Amino acid sequence: MSAVKATPSDKPVIVLFRHDLRLADNRALSAATTSGRPVLPVFILDEESRGTRPLGGARRWWLHKSLERLAEKLAELGGPLTLRKGKMVEVVKALVDESGADTLLWNRRYDPASMAADKALKQWARESNLAAESFDGHLLHEPSLVTTGNGGPYKVYTPFWRALASSDEPRPPLGAPRALNGFRGPIESMKLAAFELLPSQPDWSGGLRAAWMPGEEGAQARLRSFFADTLAGYGENRDLPGTVTTSRLSPHLAHGEITPYQIWDALKQEASSAPGGDIEKFRKEIGWREFCHHLLFHNPDLATKNYNSAFDAFPWRPDKARLAAWQRGRTGYPIVDAGMRELWQTGWMHNRVRMVVASFLTKHLLQDWRQGEVWFWDTLVDADPASNPANWQWVAGSGADAAPYFRIFNPVLQGEKFDPDGAYVRRFVPELAKLPDRFIHKPWQAPERALSKAGVKLGETYPVPAVDHGRARERALAAHKEMKGDA
DNA sequence: GTGAGCTTAGC
DNA sequence: CTAAGCTCA
């Protein structure tokens, strides 16, 4: 807010929206509105700045829907959203020229390309005698400020979490501005449709529309229903994909429709009335999100480079047919196929199943984790530049604080343990729906009579397993030995 | 230097 | 029961 006060003028203030598509707990927007000066809210679709990773299809759909809602709400407040396309710095320069603005405000981003673009923007503002100020909102703790006793980055989650727990309590969230003194000058805005964020032919977004309500109101509704229906028992139930057992807040967080400060505060209030392990368990998940950003901050190549460089020697076996079978949910392992189909249909996958499918791709099929990371990036509505690569590397064994490589998930046991009645498999792999519980996770073991009664013809209506679990496991362990040089 | 402790399990 | 170092204070 200091940047605004330090520059007494009636000139407009530009507020940049990026992945902070909300009015509440938006410090940049609040700083602008409380200044009393004309406010020009802007969203720039930047797919050109150096190093920018183009958004995947699922996030593009979400972005369209969320911008639609944000624009409506800003218009109601009196300051319509201006849409532009191009390199962040160049477009802002043009907008400053057109509007006469002398102040730029934004909420900070933390992926390497975005940080570089924002740094360049601040540099240009300084050289041009413009005020520029950035604010927190996306993370509870600045990744650069969390350090070990030696001043280095953390490599293990638990000490990182302890460090967060012993640091300052996150600030309370801000409310939404009640009014907005919108800039009145003639500023041209692109039409949202011109961003071309929605799928054209064919329109695959029906499942996404049915599953989600993008936008700030959808995020708050999700938070409320999580607290009302799911938080009690979260610690125990969160591993069960068959019903709603997790918060499902991730896409809202990824787009900044809700902030971790708002969630943290809500948890705190809930804890005062109903203390319990479930709340702490969920806090730790917020902690993992922070840890992933910490890892990305200190390892800008996290999405493309093995965190543990020993894995550079891992003998992956690239195979397009196997990759395609995994992507389309046709591996012959029901829990894997259900997960991949949930992803394809809804743009999201339950956390437990993400681990199972990632383990299957990297260990059973020996496909490079980067193949999986790219697929998730394109298909997840919550695709996050930090969480996605960090968790892929965690599963693959190349990441920070990764599980020992020899712990290879058994997709049958995982299915039987976490989807015991097969409800999840039945929903997303309907061709197996009529199989009895005891065969739902291993149809190849079902007697012919049970299969025909359920209308299943292995190899026709549902694939035979792409690999045998036991042999695949031995092959993965051998590959790992080869990597270590003691093959 | 030293010791405690380490998300998610399989055989 | 296995099996791996290695981080962090």
Side-chain angles (χ1 to χ4, degrees), chain A residues 146-167 233-242 245-247 250 277-295 298-299 306-311 333 335-336 339 349-364 369 372 386-388 390-420 424 441-442 467-478 480-481 483-486:
Chain A
V146 184
T147 59
T148 66
N150 289 330
Y154 281 96
K155 300 178 172 181
V156 175
Y157 175 68
T158 302
F160 174 84
W161 171 246
R162 292 202 185 108
L164 294 195
S166 65
S167 65
Y234 172 79
E236 248 183 88
N237 302 332
R238 59 183 296 268
D239 272 321
L240 309 174
T245 55
T246 60
S247 76
S250 53
D278 294 323
I279 288 168
E280 188 60 9
K281 192 80 186 166
F282 188 68
R283 281 200 186 112
K284 283 190 179 172
E285 295 304 315
I286 302 293
W288 272 95
R289 178 174 176 274
E290 303 269 321
F291 184 53
C292 291
H293 280 88
H294 181 79
L295 291 173
H298 292 285
N299 304 274
N306 287 307
Y307 176 87
N308 174 358
S309 60
F311 275 76
Y333 283 91
I335 190 74
V336 174
M349 195 194 307
H350 186 279
N351 172 257
R352 163 61 54 178
V353 190
R354 292 190 197 198
M355 289 189 284
V356 175
V357 303
S359 172
F360 192 85
L361 181 73
T362 55
K363 298 183 181 179
H364 288 75
W369 61 264
S387 300
N388 195 44
N391 285 310
W392 268 98
Q393 294 221 48
W394 184 87
V395 175
S398 63
D401 207 7
Y405 186 87
F406 53 81
R407 283 191 185 170
I408 294 166
F409 278 52
N410 179 327
V412 176
L413 295 183
Q414 286 284 314
E416 289 173 346
K417 187 169 177 190
F418 297 113
D419 185 34
Y424 181 70
H441 293 292
K442 44 186 177 192
V467 290
D468 170 76
H469 169 69
R471 276 202 291 276
R473 181 172 188 279
E474 290 311 313
R475 195 175 61 153
L477 290 171
H480 189 243
K481 269 192 177 172
M483 174 194 99
K484 290 197 299 180
D486 28 79

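Nothing here was measured: the structure is a model prediction, and the numbers come from that model. Chain identifiers are assigned alphabetically (A, B, ...) following the order of the sequence lines, protein sequences preceding nucleic acid strands; residue numbering begins at 1 within each chain.
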Under the side-chain contact (heavy atoms from CB on, under 4.5 Å) rule, collect the residues that match up with A:I286, sequence neighbours excluded. A:L140, A:P260, A:I263, A:W264, A:F282
Between A:S167 (side chain) and A:L164 (backbone), is there a donor-acceptor pair under 3.5 Å? yes
P spacing across the pair B:dA4 / C:dA3, given as an integer number of angstrom: 23 Å
Whole-Å distance separating the CD1 atom of A:I335 from the C1' atom of B:dT8: 14 Å
Please give, in whole Å, the distance from B:dA9 P to A:F360 CZ? 18 Å
Specify the separation, in whole Å, of atom CZ of A:F418 and atom C1' of B:dG10. 12 Å
Given atom CZ of A:R471 and atom C1' of B:dG10, what is their separation to the nearest angstrom? 19 Å
Listed by chain and number, what are the side chain to side chain donor-acceptor pair (under 3.5 Å) partners of A:Y234, not counting sequence neighbours? A:R238
Touch check for A:N150, heavy atoms < 4.0 angstrom, all strands: base, sugar-phosphate only, or nothing? nothing
Would you check if the side chain of A:H480 reaches a backbone N or O of A:Y405 as a donor-acceptor pair within less than 3.5 Å? no
Those residues at least two apart in sequence (or on a different chain) that pass side-chain contact (heavy atoms from CB on, under 4.5 Å) with A:K155 are A:Y307
Measure from CZ on A:R238 to C1' on B:dT8 and round the result to the nearest Å. 7 Å
Given B:dG10, is OP1 or OP2 found less than 4.0 Å from the side-chain N or O atoms of A:Q414? yes
Check whether any side-chain N or O of A:Y333 sits under 3.5 Å from a backbone N or O of A:H469 as a donor-acceptor pair, and report yes or no. yes
Can you list everything that forms a side-chain contact (heavy atoms from CB on, under 4.5 Å) with A:A386? Sequence neighbours excluded, please. A:C292, A:H293, A:L296, A:D384
Taking CG from A:L413 and C1' from B:dA9, how many angstroms apart are they, rounded to a whole number? 9 Å
Nearest atoms (heavy-atom pairs only) where A:K442 meets A:V412: CD-CG1, 3.9 Å
Going 5' to 3' along DNA chain C, which nucleotides are the first and last within contact of chain A (any atom under 4.0 Å from a heavy atom)? C:dA3 to C:dA9
Sequence neighbours excluded, which residues qualify as side-chain contact (heavy atoms from CB on, under 4.5 Å) partners of A:K417? none
For nucleotides 3-5 of chain B, give me every protein contact, N/O to N/O, under 3.5 Å, one pair per line with atom names.
none

With A:W394 via side chain to side chain donor-acceptor pair (under 3.5 Å) - residues at least two apart: none
Contact check, residues 350-359 of chain A vs DNA chain C, heavy-atom distance under 4.0 Å, returns none
Rounded distance in Å between the P positions of C:dA4 and B:dC11: 16 Å
A:Y234 OH to B:dT8 P, straight-line distance once rounded to whole Å: 15 Å
Is there a side-chain polar atom (N or O) of A:R407 under 4.0 Å from OP1 or OP2 of B:dC11? no
More than 12 non-hydrogen atoms from neighbouring residues, nucleotides or ligands closer than 6.0 Å to CD on A:E280, yes or no? yes
Going by salt bridge (Lys or Arg N to Asp or Glu O under 4.0 Å), name the pairs with one or both residues in residues 399-408 of chain A, residues two or more places apart or in two chains. none
Residue list, ring-ring contact (aromatic ring centres under 6.0 Å, His included) with A:F409, at least two apart or on another chain: none
Quickly work out the A:F282 CZ to B:dT8 P distance and round it to whole Å. 20 Å
Bracket string, DNA chain C, 5' to 3' - pairs by Watson-Crick or G-U geometry under 3.5 Å, | interstrand: ||..|||||
What one should report as the nearest heavy-atom pair of A:H441 and A:G415 is NE2-O, 3.1 Å
